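In what follows, a single structure is set out as structure tokens and then discussed.
On a predicted model such as this, the values are computed, not experimentally measured, just so you know. First listed ligand is number 1; within each ligand, the first listed atom is number 1. The figures that follow rest on heavy atoms only: side chains count, while hydrogens, waters and symmetry mates do not.
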Amino acid sequence: MGHLPQVICLGNPLLDIQTEVDAAYLERYSLKANDAILVDANTGDKRMKIYEEVINKPNVHFVAGGAAQNTARGAAYVLGPQKVGYFGSVGQDTYAEKLLSENETAGVVSFYQVQNSVGTGKCAALITDHNRSLVTDLGAANHFTPDHLDAHWDKVEAAKLFYIGGFHLTVSPEAICKLGKHAQENGKPFILNLSAPFIPQFFKSALEQVLPYTTYVIANESEAASYAESYSLACPKDDLETIAKHIVGDSSQRTVIFTHGLEPTVVVSHQGTKNIPVKAIASEKIVDTNGAGDAFAGGFVGGLAQSFDLLKSIDLGQWLAALSLQEIGPSFPKTKVQY
Ligand code: 26A
């Protein structure tokens, strides 16, 4: 079974519609400069207008997105073709075709569940300086069902590690738990990214269902702060070590990795805490920050899949994040750069 992927990722496939906006535009829709939110097409949310407005801008870019799908392409960038598989749900439209072809180009094997009456999800990526505000209409991604995993269980069994976008906690905690249970029973690494502050805040019980299966939890400082708030932790919201210890709990298997922009990455497990400096790139080399965290996760996962140790996997993550920061959106260089 040499050609089944080693890494399986699960998430929400989205097409990113990316453009630069000004602060007034963000304010008009009460958006923060750096955040990720959901809009609901069915409730007459006025923020649905953003998509039309962005599509009609002269400087718009259509790029493959979806946080875990970005990570899958990142892992494939370091592992090579056919080593990474991705599960998610799409519609039958040009957006899905674009995502499928981007995955193919990246070497990711797509195991899409296809909906015939809902369009592929989209994310307006609104850039101001080095910030990105992500406004998502999940569309078909919201209709992923666990039975799609059953239909591809041979891939699940063949995989040696799993990566889950925390964003998927809003869609199918059941599907995540299904993979988690398999990973746990077979001693395979199970990696969860918290993805956005609203996940620990509003999807706490789904998160609690999934956390027991995790062997690695990846998050950034704002997701850590939101977690601390959600659990009413007494520590300051930027005390990343204490927050990470809470997530590790009494597990001897779990490692928590908090990225913190240019500040050192904080790594906590029952073995202790490490602070790992990042290799900053010059500010003027940054094109945009959309997908940088996903790229970090992609390098990290790609490292683990090659049996690199923890620190080397984190280093690979930081290296890949630096490459993605220099591309438009959650993308990687067209020509392969060697680590
Ligand atoms: C459920 N939500 C809100 C989302 C997302 C999402 N991916 C999955 N689910 N909201 C934004 N993204 C993706 O995050 C990437 C940057 O980290 C965007 O598509 C973007 O590519």
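- Under a 4.0 angstrom heavy-atom cut-off, Gly291 registers as being in contact with ligand 1.
- Salt-bridge annotation for Arg47 and Asp137: absent, with no side-chain N of the basic residue lying under 4.0 Å from a carboxylate O of the acidic one.
- Near Leu38, with a cut-off below 4.0 Å to any heavy atom, the atoms of ligand 1 are 1 (C), 3 (C).
- When hydrogens are left out, the protein atom nearest atom 13 (C) of ligand 1 is Ala67 N, 3.6 Å; that is the closest non-hydrogen contact.
- The shortest N or O to N or O distance between Gly66 and ligand 1 is below 3.5 Å.
- Checked against the 6.0 Å centroid criterion, the rings of Phe162 and Tyr213 do not qualify as a close aromatic pair.
- Salt bridge status for Lys245 with Glu241: present, with a side-chain N to carboxylate O gap under 4.0 Å.
- Counting atoms of ligand 1 from 1 in the listed order, those under 4.0 Å from a heavy atom of Asn290 are 15 (C), 16 (C), 20 (C), 21 (O).
- With a 6.0 Å radius and a threshold of 12 heavy atoms from other residues, nucleotides or ligands, Glu327 has its CD atom above the threshold.
- Annotation: Asn12 places an N or O atom under 3.5 Å from an N or O atom of ligand 1; distance criterion only.
- Note on ring orientation: taking the six-membered ring where Trp is involved, the planes of Phe87 and Phe144 are perpendicular (angle over 60°, cut-offs 30° and 60°).
- The nearest protein atom to atom 11 (C) of ligand 1, hydrogens excluded, is given as Thr136 OG1, 3.3 Å; this is a heavy-atom distance.
- The closest approach between a heavy atom of Pro330 and any atom of ligand 1 is below 4.0 Å.
- For atom 17 (O) of ligand 1, the nearest protein heavy atom (residue, atom name, distance) is Asp294 OD2, 2.6 Å.
- Less than 4.0 angstrom separates some heavy atom of Gly65 from each of these atoms of ligand 1: 19 (O), 21 (O).
- Of all protein heavy atoms, the one closest to atom 18 (C) of ligand 1 is Asp16 OD1, 3.4 Å.
- For atom 2 (N) of ligand 1, the nearest non-hydrogen atom of the protein is Phe167 CD2, 3.2 Å.
- Below 30°, between 30° and 60°, or above 60°: for Tyr77 and Trp319 the angle between ring planes is between 30° and 60°, a tilted geometry.
- You'll find the side chain of Ile37 stays beyond 4.5 Å of the side chain of Phe198, heavy atoms only.
- When hydrophobic clusters are built by joining Ile, Leu, Val, Met, Phe, Trp and Tyr residues whose side-chain heavy atoms come closer than 4.5 Å, directly or via intermediates, Leu304 is not grouped with Phe190.
- The shortest N or O to N or O distance between Asn70 and ligand 1 is under 3.5 Å.
- The 12-atom threshold is exceeded at NZ of Lys336, counting heavy atoms of other residues, nucleotides or ligands nearer than 6.0 Å.
- For ligand 1 and Cys123, the ligand atoms under 4.0 Å from any heavy atom of the residue are 11 (C), 18 (C), 19 (O).
- In this pair, Phe300 and Tyr216 present their aromatic rings perpendicular. The plane angle is above 60°, beyond the 30 to 60° band.
- For ligand 1, the atoms sitting less than 4.0 Å from at least one non-hydrogen atom of Leu138 are 1 (C), numbered in the order shown with element in parentheses.
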